[in-house]
K.L.:
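Below: one structure in structure tokens.
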Amino acid sequence: MSCTNSNGRPCITWNLDSTINLNANVQGEGYNPLLIYEWSIDPPTQVISYQNILRVLANPSLSYNEPSIRVDVSASNKTQAGDAFTTVAINTPPQNGIIEASPTIGESLSTFFYVNTYNWTDEDTPLTYQFYYSYDIQNAHAWRALSTIQNVGYISTYLTAQSPSQNASIMALVFDSFQYPSRIITNITVVVSSSSLQESLLNMNDLLDSLSPNDPYQNLQIASHITSEIANWESRIQEDIENGEGSCPKCSLHGSCPVGNNTCICDSGWTLPDCSLSQDIYDRVIVIRQEAISVLNESYNTIQTNEMREILLNSLQSFSNSPLFNTIDTLQDVQNILESTLGIGNGTLLTEQESRIVANITNNLLQFAMNSDCNCDTAYCKQLENATREYLDEISQSSLQDKIPGEPPTIIETDLFDVVTTKATTCTISDLSLNAGSDTPEVRLSWDDPTNLNCSQELAIKLYAFRSPGAIFNCDAGDSSSNLKPNT
């Protein structure tokens, strides 16, 4: 019996926050479909068995009082039987740490926050550290990396915020030498001191001018924060548009509304749906966004690590989620980085978190095309059809890479589409119910002729559920948020 961890490496210990796989084989042979395998595990914990594989699922709540788990397996056919067992030590993460941030209140994209975590104890040294931040601690997918995995327990960093201020959570992951992390969180308040977008753009420009070619990691972080800062300003402007009186009929006193059309036509030199922003400032926003995305791309190409890839993807997600401050050119820059730099669509294997980010970016690209070209007449919109298929194939293939039949489906939801992936056998596929949520139809699969099935045959299942093209690309549809996703 052999044991491998979630990274495919031999097990030395079991980190309770991750899965391990145990494979049973007769010595000198591979999987034998004529054998029946029976498994047991002590202490009891949730497992999935398939053929000669036992997958022990993550169980962080399992008592650390147990020094190890014991796994027994028996293999038998009509005439013979054999058994084996193994034990795997249960690892414990670092303990008793402290985290501190200074200052606890600072200014967006201006204050350097110093975060330090220390006093950790663990037998399995050396310890390593990684830092994250989030503005939505309840959302497990909202954490964004502030650092790569490093040997020191401190960082200094800028942060951004939505006006007038925002609470940010800083999380330190502290790993032992077997990569089992403890998590510890502290909170700070980030205040927006710039009184106008124009003033904030001057600060962003100064930061871009100060970048050193000798520090690509710091450059990546600053460029990422700049994309977030612009997104925060866009949220504020959108809120003003929705709640203010700038739209028709006033158009911020910089435009007019034609009779029978509730859309502002801006005077020369003004832009946005309510004509509230000068064209000069808008053009400057686009230039700084393009400079920031160029820095992101160049910095990642200099140091290609998994952590930097995650930071780059998060930045592209923020960058693409911008209905006011994007153009076809800026979104084509996003696609070029996805495809040329990150290899999305060319067989790149993504983590689950990366798959969710790429799905959100794809959704954002479609949303922009839907809003700017509601009949999908432009070449940009038309090329999104093939690109979307390639991106979703990459997402689903990555999700299926290490799955075994019997595991719960992986579900990734966006506003415009959902992706469901799972594995089954020819004999269990009829038991599946594929459903991503209340706005997605239930899909069941069955055989026309269920006789003489080969129950050892493994099937990979991918379901893409889209809103109908008529709901996405329809100039008369208005808000499509209430439409179901019936097309599969």
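Count residues from 1 along the sequence. Just so it is clear, the values below take in all heavy atoms, side chains as well, and ignore hydrogens, waters and symmetry mates.
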K.L.:
Does a donor on one side chain and an acceptor on the other come within less than 3.5 Å for Asp283 and Gln279?
P.N.:
yes
K.L.:
Heavy-atom distance under 4.5 Å between the side chains of Asp17 and Pro181, does that happen here?
P.N.:
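Side chain of Asp17 against side chain of Pro181, heavy atoms only: contact under 4.5 Å found.
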K.L.:
Evaluate whether atom OH of Tyr132 has more than 12 neighbouring non-hydrogen atoms of other residues, nucleotides or ligands under 6.0 angstrom away.
P.N.:
yes
K.L.:
Is the shortest side-chain N to carboxylate O distance from Glu407 to Lys423 below 4.0 Å?
P.N.:
no
K.L.:
Less than 4.5 Å apart, any side-chain heavy atom of Ile337 and any of Ile293?
P.N.:
yes
K.L.:
Go through the side-chain N and O atoms of Thr111 and Glu107 and say whether any donor and acceptor fall under 3.5 Å apart.
P.N.:
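Per modelled atom types, Thr111 and Glu107 side chains form no pair under 3.5 Å.
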K.L.:
Scan side-chain atoms only and decide if Ser177 and Asp124 contain a donor-acceptor pair under the 3.5 Å cut-off.
P.N.:
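Not at all, the side chains of Ser177 and Asp124 share no donor-acceptor pair under 3.5 Å.
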K.L.:
Hey, is CD on Glu123 packed in by over 12 heavy atoms from elsewhere, all under 6.0 Å?
P.N.:
no
K.L.:
Would Arg55 pass as a cation-pi partner of Tyr50, given that its NZ or CZ must be under 6.0 Å from the six-membered ring centre and within 45 degrees of the axis?
P.N.:
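So Arg55 doesn't make the cation-pi contact.
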K.L.:
Quick one about Asn59 and Ser61 (side-chain donor to acceptor, distance below 3.5 Å, no hydrogens or angles considered), yes or no?
P.N.:
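Ser61 vs Asn59: donor-acceptor pair found between side chains.
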K.L.:
Using a 3.5 Å distance criterion without hydrogens, assess whether the side chain of Tyr135 forms a donor-acceptor pair with backbone atoms of Thr160.
P.N.:
yes
K.L.:
Scan side-chain atoms only and decide if Asn205 and Asp209 contain a donor-acceptor pair under the 3.5 Å cut-off.
P.N.:
yes
K.L.:
Less than 4.5 Å apart, any side-chain heavy atom of Asp42 and any of Ile69?
P.N.:
no
K.L.:
For the backbone of Leu338 and the side chain of Thr341, can you confirm whether one donor and one acceptor N or O come within less than 3.5 Å of each other?
P.N.:
no
K.L.:
If we count only N and O atoms by modelled type, under 3.5 Å, do the side chains of Tyr464 and Asp393 hold a donor and an acceptor together?
P.N.:
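There is such a pair between these side chains.
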K.L.:
Which value, rounded to the nearest 0.5 Å, describes the distance between Leu197 atom CG and Asn232 atom CG?
P.N.:
11.5 Å
K.L.:
Parallel, tilted or perpendicular: which one describes the rings of His254 and Trp270, with boundaries at 30° and 60°?
P.N.:
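It falls in the parallel class, under 30°.
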K.L.:
Quick check on Tyr114: does its OH atom have over 12 non-hydrogen neighbours (other residues, nucleotides or ligands) under 6.0 Å away?
P.N.:
yes
K.L.:
For side chain to side chain contact (heavy atoms under 4.5 Å, CB included), just list the numbers for Leu392 and Phe466, CA-CA rounded to whole Å, side-chain angles, deciding distance to a tenth of an Å, and then say yes or no.
P.N.:
CA-CA 12 Å; Leu392 297 192; Phe466 275 83; 3.5 Å; yes
K.L.:
Any donor and acceptor pair, going by atom type alone, linking the side chain of Ser134 with main-chain N or O of Asp136 inside 3.5 Å?
P.N.:
yes
K.L.:
Do Ser340 and Asn336 have a side chain donor and acceptor closer than 3.5 Å?
P.N.:
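No, Asn336 and Ser340 have no side-chain donor paired with an acceptor closer than 3.5 Å.
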K.L.:
Could you walk me through whether Leu159 and Leu109 pass side chain to side chain contact (heavy atoms under 4.5 Å, CB included), step by step?
P.N.:
CA-CA 6 Å; Leu159 288 171; Leu109 213 58; over 6 Å; no
K.L.:
Answer yes or no: is there a side-chain heavy-atom contact under 4.5 Å between Asn187 and Asn167?
P.N.:
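The answer is no; the side chains never approach within 4.5 Å.
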K.L.:
For Asp122, what residues pass the side chain to side chain donor-acceptor pair (under 3.5 Å) criterion, not counting sequence neighbours?
P.N.:
none
K.L.:
I'd like to know if the side chain of Glu394 and the backbone of Leu350 have a donor-acceptor N/O pair within less than 3.5 Å.
P.N.:
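Side chain of Glu394 to backbone of Leu350, a donor-acceptor pair under 3.5 Å: no, none is there.
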K.L.:
Can you tell me if Ser200 and Trp233 form a side-chain donor-acceptor pair at under 3.5 Å?
P.N.:
yes
K.L.:
Would you check if the side chain of Gln150 reaches a backbone N or O of Tyr154 as a donor-acceptor pair within less than 3.5 Å?
P.N.:
yes
K.L.:
How about Thr121 and Asn96: does a side-chain donor come under 3.5 Å of a side-chain acceptor?
P.N.:
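Indeed, the side chains of Thr121 and Asn96 share at least one donor-acceptor pair under 3.5 Å.
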K.L.:
Is the ring centre of Tyr158 less than 6.0 Å from the ring centre of Phe112?
P.N.:
yes
K.L.:
Examine the side chains of Ser276 and Asp274 and answer whether a donor and an acceptor come within less than 3.5 Å of each other.
P.N.:
yes
K.L.:
Taking the side chain as every heavy atom from C-beta outward, state whether Phe131 and Thr117 have any pair of such atoms under 4.5 Å apart.
P.N.:
yes
K.L.:
Look at atom CD of Glu239 and say whether more than 12 heavy atoms of other residues, nucleotides or ligands are closer to it than 6.0 Å.
P.N.:
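Atom CD in Glu239 is not packed in, count stays at 12 or less.
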K.L.:
Do the side chains of Tyr282 and Leu324 get nearer than 4.5 Å, heavy atoms only?
P.N.:
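Of all side-chain heavy-atom pairs linking Tyr282 with Leu324, none is under 4.5 Å.
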K.L.:
Quick one: does any side-chain atom of Glu229 pair with a main-chain N or O of His225 as donor and acceptor, under 3.5 Å?
P.N.:
no
K.L.:
Does a side-chain heavy-atom distance below 4.5 Å link Phe113 with Val190?
P.N.:
yes
K.L.:
Can you find a side-chain donor-acceptor pair between Glu100 and Tyr118 that sits under 3.5 Å?
P.N.:
yes
K.L.:
Might you work through the side chain to side chain contact (heavy atoms under 4.5 Å, CB included) test for Val334 and Phe319, ending with a clear yes or no?
P.N.:
CA-CA 8 Å; Val334 170; Phe319 191 99; 3.5 Å; yes
K.L.:
Counting C-beta onward and ignoring hydrogens, is there a side-chain heavy-atom pair between Gln353 and His141 closer than 4.5 Å?
P.N.:
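SC-SC contact between Gln353 and His141 confirmed.
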K.L.:
Establish, for the pair Arg70 and Phe85, whether the NZ or CZ atom is under 6.0 angstrom from the six-membered ring centre and no further than 45 degrees off its axis.
P.N.:
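The answer is yes; both the distance and angle limits are met.
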K.L.:
Atom CD of residue position Gln95 - does it have more than 12 heavy atoms of other residues, nucleotides or ligands inside 6.0 Å?
P.N.:
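Check passes, neighbour count above 12.
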K.L.:
Can you confirm whether more than 12 heavy atoms, excluding those of Gln383, are under 6.0 Å from its CD atom?
P.N.:
yes
K.L.:
Side chain of Arg289, backbone of Phe325: donor and acceptor closer than 3.5 Å?
P.N.:
yes
K.L.:
Can the SG atoms of Cys264 and Cys275 be said to lie under 2.5 Å from each other?
P.N.:
no
K.L.:
I would like to know whether Val71 and Val88 meet side chain to side chain contact (heavy atoms under 4.5 Å, CB included); could you show each step before the answer?
P.N.:
CA-CA 8 Å; Val71 180; Val88 181; 5.8 Å; no
K.L.:
Can a donor-acceptor pair be found, under 3.5 Å and without considering hydrogens, that links the side chain of Thr410 to the backbone of Thr421?
P.N.:
no
